[in-house]
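The structure appears right after this line, and notes come after that.
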Amino acid sequence: MLQLNYIRENAEEIIQRLKIKNFDAGDIVKEIIIKDNLRRETQKTLDDTLSQANKLARQIGILFKSGKTEEANALKEQSTKLKKQSQVMGDKLSTIIKELNKLIVQLPNIPHQSVPQGKLAKDNKIISEEIHEIPLHDQALPHWELATAYDIIDFDLGSKVTGAGFPFYKSKGAKLQRALISFFLDEAINNGYEEYQPPLMVNEDSAFGTGQLPDKDGQMYHIESDNLYLIPTAEVPITNIYRDMILKSEDLPIKNVAYSSCFRREAGSYGKDVRGLNRLHLFDKVEIVQVQHPDRSHETLDKMCEYVASLCRKLELPFRIAKLCGGDLSFASALTYDFEVYSAAQKKWLEVSSVSNFESFQSSRMKLRFKDKDGKTKLAHTLNGSALALPRIVAAILENNQTPNGIRIPGILHEYTGFKMITK
RNA sequence: GGAGAGGUGGCCGAGUGGUUUAAGGCGCACGCCUGGAAAGUGUGUAUCCUGAGUGAAUCGGGAUCAAGGGUUCGAAUCCCUUCCUCUCCGCCA
């Protein structure tokens, strides 16, 4: 969420820069400024009235104590009147504030200066590519067929027991999942991240804090009886650790890593893009989260990207990095790099990680602040990235490493899997 | 799930309707003292909104004692609702 002061002072610039996100903020910003003026006016009148009432109440107290009951009773009448006034104004003020918040929450984060123009994913700018030849044999199969052929993932069983998009992983398929999770966690820990194991459900405040509510409401599973949300990513609980906190500047950067299941309704997606592991309602992911000083957050974003790239390299996967264009950038993000690995049998690039700097957008919602060296309290910057999401990595590993004799496991994982090949 | 006790500043803790403008302590920061330190001593020590000044210091108003509502001229204090913590019982991996 953008800061009210910032909107007030930079209205024109905000409108211009949000155009890169293909968002027309003109009307909303105008209305915010009008509402905000009204808010301040109303607040001033209310505060003055309350101030009078407070003074009177004190006087009455003193009069009662010194036995001047009649005088006190006379003042009471005045005080009652003021009270009624302030009640009316208070209601008005809270209505205005509610309306104002509703408006502010509609504004997406401002894209970083470097975000390229564009509307769709095809307008994203590929900024680097590390590819190598994947020699596939004649009978090469897409991963969903490999999964059945080697009996390592069972999609039908998932459909029977739960529904589409909830696969079972079996035997070496299950072991491969565990191996990847451990590998990703160990790598992150070696890079200075602290491991957390978060709750898989969060309350409404947390879902709002990281920006899932109100705009992605339908994408989360909601448990109505307890008003809890199943997390779509560990980003939500891990970032919300710091909600309503004022950190010390020496606490920064905070580097956390968490493995979690991720639950996504994925309402409205069908077709060949969702085959096999390409899109699931439930999947596993290791997520890295950082809280950083505003001056250093973009430097940190680059480091996080370099880290994610190192994972792809170690897994011997061809990958490329795209800087998202304005139109593809998420609501809360200022700058995002997408990582895609090449899945040879599908002949497709699969998105496996999204590394973003939210700048102060999440912090503002969460009231995540820090005391800077100059003694001032400022909003911190938050960043996160998948490092990495399992299903598509698994898809790419299976497809790219298939041989007539079985599926080869990348060397770096051998100590985690305990086997080098998946055979029939 | 049932019964009971609670939730006060960074932390501990006093406070059951009116100089509480939240005591006192610890911690922290700065100063004094000291050859240096400890001890001692003094001062300061939340957040948000807002007005004047003005992108500084400063001065003023309002809000916040888990959250929200209510009673009252006046609420940390009384009442209601929700959330959370602890103890006992029940259930249970």
Side-chain angles (χ1 to χ4, degrees), chain A residues 1-11 13 32-101 103-105 197 199-209 213 223-229 237 240-252 254 294 360 363-380:
Chain A
M1 156 171 114
L2 301 178
Q3 293 285 91
L4 191 50
N5 282 343
Y6 185 78
I7 299 172
R8 210 191 290 152
E9 284 160 27
N10 304 279
E13 193 196 336
I32 286 173
I33 288 170
I34 293 168
K35 277 260 148 64
D36 183 46
N37 286 335
L38 188 61
R39 179 199 124 244
R40 280 191 288 173
E41 225 172 84
T42 312
Q43 171 137 18
K44 182 82 182 94
T45 332
L46 174 64
D47 284 355
D48 289 347
T49 312
L50 285 174
S51 175
Q52 277 183 57
N54 286 344
K55 258 185 220 154
L56 258 145
R58 250 172 269 147
Q59 274 177 36
I60 293 169
I62 292 164
L63 288 173
F64 269 126
K65 272 211 162 160
S66 51
K68 296 174 184 166
T69 317
E70 267 179 48
E71 281 180 57
N73 281 330
L75 286 181
K76 265 197 197 180
E77 272 178 51
Q78 237 188 91
S79 193
T80 309
K81 218 169 155 189
L82 283 175
K83 204 210 166 176
K84 273 181 193 153
Q85 273 178 34
S86 64
Q87 230 161 15
V88 173
M89 267 184 284
D91 289 349
K92 191 177 157 194
L93 183 64
S94 60
T95 309
I96 293 169
I97 290 172
K98 260 184 214 149
E99 288 169 352
L100 197 52
N101 283 336
L103 289 168
I104 294 174
V105 157
Q197 208 172 97
L200 303 182
M201 299 172 200
V202 294
N203 58 30
E204 215 176 322
D205 286 344
S206 295
F208 177 81
L213 291 180
I223 298 153
E224 258 175 68
S225 53
D226 298 295
N227 196 23
L228 294 173
Y229 293 87
N240 271 283
I241 293 171
Y242 306 99
R243 173 153 51 81
D244 290 318
M245 277 178 99
I246 300 177
L247 303 164
K248 296 188 205 113
S249 68
E250 59 264 32
D251 294 337
L252 304 176
I254 288 167
S360 59
S363 307
S364 164
R365 289 185 170 209
M366 279 190 290
K367 297 188 175 65
L368 194 188
R369 290 157 295 172
F370 72 101
K371 204 159 260 252
D372 207 350
K373 296 240 163 69
D374 60 14
K376 286 197 176 147
T377 305
K378 299 172 184 168
L379 292 171

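Basis for what follows: all heavy atoms, side chains included, without hydrogens, waters or symmetry-related copies. Just so it is clear: chains get the letters A, B, ... in the order the sequence lines come, proteins before strands, and each one is counted from 1.
For U41(B), the paired base is G31(B) (Watson-Crick or G-U wobble, both distances below 3.5 Å). Using N1 to N3 plus N6-O4 or O6-N4 for Watson-Crick, or N1-O2 and O6-N3 for G-U wobble, each under 3.5 Å, C83(B) pairs with G7(B). As the counterpart of G55(B), no nucleotide is assigned, since no Watson-Crick or G-U wobble pattern has both distances under 3.5 Å. The partner of C48(B) is G62(B), judged by Watson-Crick or G-U wobble contacts that both fall below 3.5 Å. Across all strands shown, U20(B) forms no Watson-Crick or G-U wobble pair with both distances under 3.5 Å. When both pairing distances are held under 3.5 Å, A14(B) makes no Watson-Crick or G-U pair with any nucleotide shown. Under the Watson-Crick or G-U wobble criterion, with both distances below 3.5 Å, U72(B) has no partner in any strand shown. Searching all strands for a Watson-Crick or G-U wobble partner of G1(B) with both distances below 3.5 Å returns C89(B).
A distance of about 15 Å separates the C1' atoms of A75(B) and G68(B), rounded to the whole Å. A gap of 12 Å separates the P atoms of G7(B) and C12(B), to the nearest Å. Taking atom C1' on both nucleotides, C92(B) is separated from C49(B) by 49 Å, rounded to a whole Å. Nucleotides C59(B) and U54(B) are separated by 13 Å at their C1' atoms, to the nearest Å. Only the P atoms considered, A76(B) is 7 Å distant from U64(B), to the nearest whole Å. Here, C79(B) and U71(B) have their P atoms 15 Å apart, quoted to the whole Å. Rounded to whole Å, the P atom of A63(B) lies 12 Å from the corresponding atom of U21(B). Taking atom P in both C65(B) and A23(B), one finds a spacing of 15 Å when rounded to whole Å.
Distance from the side chain of T80(A) is smallest for C73(B) among the nucleotides C49(B), G51(B), C73(B). Comparing G62(B), U47(B), C73(B) by their closest approach to the side chain of L50(A) singles out G62(B). Of the candidates C49(B), U47(B), G74(B), C49(B) carries the atom nearest the R39(A) side chain, counting heavy atoms from C-beta on. Nearest to the side chain of F64(A), among G62(B), C73(B), U50(B), sits C73(B).
When heavy atoms are screened at a 4.0 angstrom cut-off, K83(A) is found touching base atoms of the nucleic acid. Within the nucleic acid shown, I62(A) has no heavy atom closer than 4.0 Å to any nucleic acid atom. Residue contacts for N54(A): at a heavy-atom cut-off of 4.0 Å it reaches the sugar-phosphate backbone alone, with no base atom in range. Residue K371(A) is in sugar-phosphate contact alone, with no base atom involved, counting any heavy-atom pair closer than 4.0 Å across all strands shown.
We find that CG of L75(A) is positioned 18 Å from P of U72(B), with the value rounded to whole Å. Atom-to-atom, CG of N203(A) to P of C84(B) comes out at 9 Å; the value is rounded to the nearest Å. Atom CD in Q59(A) sits about 14 Å away from atom C1' in U19(B), given to the nearest Å. Atom NZ in K55(A) sits roughly 12 Å away from atom C1' in G62(B) (whole-Å rounding). Atom-to-atom, CG of N5(A) to P of G55(B) comes out at 16 Å; the value is rounded to the nearest Å. The nearest whole Å value for the distance from the CD1 atom in I246(A) to the P atom in C11(B) is 12 Å. In this structure, R58(A) atom CZ and G74(B) atom P are separated by 13 Å, rounded to whole Å. Taking atom CD on E41(A) and atom P on G61(B), their separation rounds to 22 Å, with Å as the unit.
Dashed line: the shortest gap from a side-chain N or O of R369(A) to OP1 or OP2 of C48(B) is under 4.0 Å. Under 4.0 angstrom from either OP1 or OP2 of G55(B) there lies no side-chain N or O belonging to R8(A).
Using a 4.5 Å heavy-atom cutoff, the side chains of M366(A) and Y242(A) are not in contact. Inter-residue side-chain proximity for E77(A) and K81(A) is flagged as unmet; no heavy-atom pair is nearer than 4.5 Å. No side-chain heavy atom of D226(A) sits less than 4.5 Å from a side-chain heavy atom of M201(A). Under the 4.5 Å side-chain criterion, counting only non-hydrogen atoms from C-beta, R40(A) is in contact with R8(A). A heavy-atom distance below 4.5 Å is not found between the side chains of L228(A) and V202(A).
You won't find any donor-acceptor pair under 3.5 Å spanning the side chain of D47(A) and the base of G62(B), going by distance alone.
Tested against D374(A), the residues K378(A), K376(A), K371(A) include a single side-chain hydrogen bond (donor to acceptor under 3.5 Å, both in side chains) partner, K378(A).
Every residue meeting the side-chain hydrogen bond (donor to acceptor under 3.5 Å, both in side chains) condition with N227(A), not counting sequence neighbours, appears here in chain and number order: E204(A), H222(A).
The 5' end of RNA chain B is approached more closely, in terms of each residue's nearest nucleotide, by A57(A) than by the other of S79(A) and A57(A).
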Q) side chain to side chain donor-acceptor pair (under 3.5 Å) between S51(A) and D48(A): does it pass, once the steps are laid out? A) CA-CA 5 Å; S51(A) 175; D48(A) 289 347; over 6 Å; no
